[in-house]
Q: 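Handing you this structure, nothing more for now.
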Amino acid sequence: MDEKYFPEQIEERWQKTWEESGTFEVERDPEREKRFYCLEMLPYPSGFLHMGHVRNYSIGDALSWFRRLQGYNVLHPMGWDSFGQPAEQAAIKRGVMPREWTEQNITHMRAQFKRMGFSFDWRREIAAHTPEYYQWDQWFFLKMLERGLAYKKVSPVNWCPAESTVLSNEQSSGGVCWRCGAAVEKRDIEQWFLRITDYAEQLLADMREIEGGWPERVLTMQRNWIGRSEGAYIDFQVKDTDERVRVFTTRIDTIYGATAVVVAPDHPLVEHSPLKDDLRRFAERVRAASAVAREPGAEVEKEGINTGLLAVNPFSGELIPVWAGNYVLTEYGTGAVMSVPAHDERDFEFAQKYSLPIRRVIERISHDQPPAERDPEVEDQSVAMNEAFTESGILVSSGDWSGKLSADAIREMAEFAQSQGFGEGAVTYRLRDWGISRQRFWGAPIPIIYCERCGVVPVPESDLPVLLPERAEFTGSGQSPLAGVPEFVNTTCPKCDGPARRETDTMDTFIDSSWYFFRYIDPRNPEAPFDREKAAYWTPVDQYVGGVEHAVMHLLYTRFWTKFMRDIGLVNFGEPVKRLMTQGMVVAETFFREGEDAGSKVYINPADVDVVRDEKGRISSATLVKDGQPVTVGPFEKMSKSSNNGVDPNEMITAYGADATRLFILFAAPVENDLRWQESGIDGTLRFLRRIYSFVYRWRGSLAGAAREAGAAGEFSAEARALRHETHRTIERVTNDFEGLRYNTAVAALMELLNELYDFKAQAGSASASDLFAVREAVEALVLMLAPFAPHVAEELWEALGHVGGILGSGARWPEFDRALARKDEVEIAVQVNGKLRGRVNVPASATEDETRAAALADERVRAWTEGKQIIKTV
RNA sequence: GCCGGGGUGGCGAAAUCGGUAGACGCAACGGACUUAAAAUCCGUUGGCCGUAAGGCCGUGCGGGUUCGAGUCCCGCCCCCGGUACCA
């Protein structure tokens with residue numbers, strides 16, 4: 001141990017020790033029932049670690065250390081989400097092959113991870129782009145195909161024009177590409193789908209199992225995304241044709257108020273319209289308009305055309321017009337609605353614009369008077385209503401159904417429709433099947449062969465993996481580069497041996513990440529994706545940590561995938577993750593100058609800026625170091641290339657050490673909050689590490705001989721008792737904070753304990769045996785509790801305190817607190833008179849209410865406020 | 001619009017059950033040490049009034065419950081995230 005704290009030396013030394021002694025390598029051990037699977041979302045190997053990564057993995061790493069110290073067998077693995085777009089972009093731009101590019105990046109990033117000192121079991125490392133991994137993607141695909149869960153169809157799909165590829169609904173949420181933000185277009189393309197909709201009901205119902213363990217907002221987002229809607233299908237006969245138009249409604253009770261049927265512009269029914277040419281033009285226009293990315297919240301003007309067709313309301317027999325409207329969506333429900341202007345806002349707006357009748361058929365329930373039956377002759381309420389009445393109530397002007405409550409009518413009318421053969425109760429979902437075909441090279445090939453004679457033939461399991469070729473032409477044309485590799489495309493049919501062609505699309509990379517954490521438990525298994533026994537021991541994941549941006553992508557897909565794995569007998573549960581933590585972003589100040597073009601900004605890296613602060617510490621101005629001229633101070637933004645406000649973790653490690661960097665990132669804000677990066681903050685945590693280091697340095701000689709048993713230390717002085725109280729109280733707080741992942745307060749508690757140690761009156765070298773015992777107890781607890789945050793320095797200090805073999809190797813355990821010691825034997829009670837703080841008194845913790853009251857009343861200041869008054873009180 | 005989460009010092013934040021608001025840290029200011037700087041150590045730091053003792057005010061706004069409200073209830077405002085012609 002040096003006199004001064006040099007993070008670099010310490011960190012290098014312990015990283016080497018950990019690696020050599022396999023400190024974080026674990027095996028399934030059925031004897032050890034206490035096991036813990038701690039997982040963080042695997043990174044895309046972009047080549048560089050950023051602060052978001054550091055935060056993500058520091059959170060998981062701290063928890064892993066905590067559980068290890070508690071005696072758990074902890075699985076904490078790491079791997080690479082190494083298929084994907086950027087590798088292919090690099091190939092297009094710079095001609096480097098995706099595999100080469102990716103593997104270089106992995107090498108570089110792995111070294112960065114090691115430099116952070118994260119406690120991964122590196123023997124279990126996996127990478128999605130290796131055939132040993134992606135063959136199981138292909139295997140799962142074949143299993144889904146067998147079970148009818150994978151199918152191919154032509155459908156309008158989301159197309160990202162910037163990246164020339166198809167996206168799933170989840171990946172184009174909000175009408176923009178999840179990766180690049182480009183407005184998504186619709187294209188008709190034949191592609192493979194997975195029937196995630198078969199699991200819609202389970203995905204909703206099983207949320208009960210993870211409620212409390214997952215953030216409420218993630219569950220809400222998934223619930224909304226699945227979008228379950230209960231209602232009924234109703235068929236309207238179209239006059240003078242054999243066609244029926246089927247609508248979906250959740251408000252069948254309002255059907256007597258339907259004054260039109262409105263269909264989507266490209267609904268098949270419009271072919272029967274006498275105005276079909278106009279309608280086709282209308283459909284074109286609507287289609288073009290919807291391809292433009294819209295501002296969220298911007299409402300599109302409702303437009304429609306009367307098709308000239310008439311439909312029969314099956315309940316009332318009434319003939320109503322059929323319109324085509326831009327507000328009816330092809331992809332939801334049946335692409336057709338019954339328009340009830342009186343009771344639906346959209347229909348109301350549409351009816352007003354096109355002067356359709358508005359007929360009220362639901363009244364608010366009133367206890368004073370029965371609902372008035374409307375005069376059928378004057379039933380148009382266009383004047384009387386100035387907005388739609390969308391609540392449920394009691395039916396009026398609805399034939400035999402009048403007088404019923406909405407809830408009853410909804411049920412009974414659906415049953416009636418079914419018995420009459422013109423409808424049925426139904427549940428629809430917003431969730432669509434998962435389109436997984438990508439016109440990409442850098443992904444797992446879809447294991448399908450097209451034979452002229454046999455048609456679509458799955459690749460036999462024994463022929464897996466379907467290997468990606470080493471090279472291809474990268475043009476960015478929108479067709480898979482695989483199509484241009486004849487030795488890949490041309491093959492023979494597994495059934496008839498005749499000439500055949502391979503599927504050239506690859507799988508969505510979200511398939512890789514849907515089950516990767518099961519591969520960690522058995523990463524080299526050549527026979528199966530993983531061993532069931534091993535899975536039964538390690539999974540489900542106890543704690544998962546990652547960004548919230550995956551709420552309706554990865555986190556939904558992986559729940560679906562797990563349910564499928566359960567159905568084919570690989571696991572015996574349907575929820576892969578018990579607890580989920582979504583960490584906040586790392587944000588930093590931005591600085592910029594006006595660019596050449598009006599309104600454009602040139603962002604300047606914070607490292608190149610000098611800031612001037614006013615006496616309150618607020619930034620008052622900033623100048624560019626290079627030229628001394630002022631720059632504009634912008635808002636805090638997520639660290640990114642585009643805002644040029646990223647901080648390189650490598651530079652932080654060089655300047656402050658991995659320990660201080662990790663400690664700061666966990667201390668500066670609660671894990672779910674955004675974290676404002678301020679370099680001065682990391683100074684504070686470095687200071688804390690230096691203080692604890694120099695304290696141990698000063699005391700280690702004296703502590704070496706200190707008693708390890710409280711009894712041997714004899715009587716404790718008041719100060720030693722107070723220190724022991726602080727120690728045990730801190731252990732209690734920190735332990736509880738770990739359970740709730742409240743790292744910021746855990747670190748604060750450690751800082752407080754260190755402050756107590758600095759305030760402790762005894763000096764190293766002259767302390768009594770009992771003082772030494774109290775200090776030793778405090779320091780050892782402090783060092784062990786520091787290990788999850790700053791493992792290198794904790795190891796160094798643990799060794800300095802006389803322990804051999806490293807923290808985990810020495811058999812150290814998370815400190816236990818003594819409940820009696822954690823409680824104070826004397827408490828300060830604040831005395832309030834009429835709700836105002838008037839004094840403080842110290843009483844023994846065991847004091848009765850009467851004693852406390854007496855003590856309170858004896859206090860001078862309290863007496864001054866209670867003099868001559870009657871007293872009624874509580875404690 | 002709807003759903004979810006928030007609003008506490010100059011800043012990040014704390015207050016786990018309705019009981020001392022602002023722990024811990026940053027920044028700032030003052031002091032010690034130093035030829036000097038860095039580092040380190042000590043102190044001050046929500047606002048107002050007061051020489052002081054002390055008092056008053058203070059957790060987005062307005063009400064309410066309570067001996068007592070950052071915390072509970074009612075009504076608003078604002079911010080962040082998600083999402084939408086979803087029938």
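Labels below follow one simple rule: chain letters A, B, ... track the order of the sequence lines, proteins then strands, and each chain is numbered from 1.
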Q: Classify the nucleic acid contact of A:P670 as base, sugar-phosphate or nothing, counting any heavy atom under 4.0 Å across all strands shown.
A: sugar-phosphate
Q: How long is the line joining CG of A:L329 and C1' of B:A87, in whole Å?
A: 9 Å
Q: Students often get this wrong, so: under 4.0 angstrom with heavy atoms, is A:D347 touching a base, only sugar-phosphate, or nothing?
A: nothing
Q: For the C1' atoms, the ones on B:C74 and on B:C85, what distance do you get once it is rounded to whole angstrom?
A: 34 Å
Q: Where does the angle between the aromatic ring planes of A:W699 and A:F695 fall among parallel (under 30°), tilted (30 to 60°) and perpendicular (over 60°)?
A: parallel
Q: Give one of base, sugar-phosphate or nothing for A:D737, where a contact means two heavy atoms less than 4.0 Å apart.
A: base
Q: So which nucleotide does B:C29 pair with, by the Watson-Crick or G-U wobble rule with both distances under 3.5 Å?
A: B:G43
Q: What does B:C76 pair with, Watson-Crick or G-U, if both distances are under 3.5 Å?
A: B:G60
Q: Would you classify A:F667 as touching base, sugar-phosphate or nothing, given that sugar-phosphate means primed atoms plus P, OP1 and OP2, and contacts are heavy atoms under 4.0 Å?
A: base
Q: Is there a Watson-Crick or G-U wobble partner for B:U8 with both distances under 3.5 Å, and which nucleotide is it?
A: none
Q: Hey, could you give me the CZ/CG distance between A:R698 and A:L757, rounded to the nearest 0.5 Å?
A: 10.0 Å
Q: Using a heavy-atom cut-off of under 4.0 Å over every strand shown, decide if A:V247 touches base, sugar-phosphate, or nothing.
A: nothing
Q: Given atom CG of A:L686 and atom P of B:C26, what is their separation to the nearest angstrom?
A: 11 Å
Q: Are A:R691 and A:Y758 in a cation-pi contact, defined as NZ or CZ under 6.0 Å from the six-membered ring centre and within 45° of the axis?
A: yes
Q: Once you apply a heavy-atom cut-off of 4.0 Å, does A:R676 come out as touching a base, just sugar-phosphate, or nothing?
A: sugar-phosphate
Q: Quick one: look up who B:A52 pairs with, Watson-Crick or G-U, both distances under 3.5 Å, and put none if it's unpaired.
A: none
Q: Categorize A:D344 for me: base, sugar-phosphate, or nothing, with a 4.0 angstrom heavy-atom threshold over every strand shown.
A: nothing
Q: Taking any heavy-atom pair under 4.0 Å as a contact, classify A:G684: base, sugar-phosphate, or nothing.
A: sugar-phosphate
Q: Scan A:N755 against the nucleic acid and name what it touches under 4.0 Å (heavy atoms): base, sugar-phosphate only, or nothing.
A: sugar-phosphate
Q: Do A:R360's NZ or CZ and the ring of A:F389 fall within the cation-pi criteria of under 6.0 Å and 45°?
A: yes
Q: Above 12 or not: heavy atoms from other molecules or residues under 6.0 Å from CD of A:E211?
A: yes
Q: Classify A:R687 by what it touches in the nucleic acid, base, sugar-phosphate, or nothing, heavy-atom distance under 4.0 Å.
A: sugar-phosphate
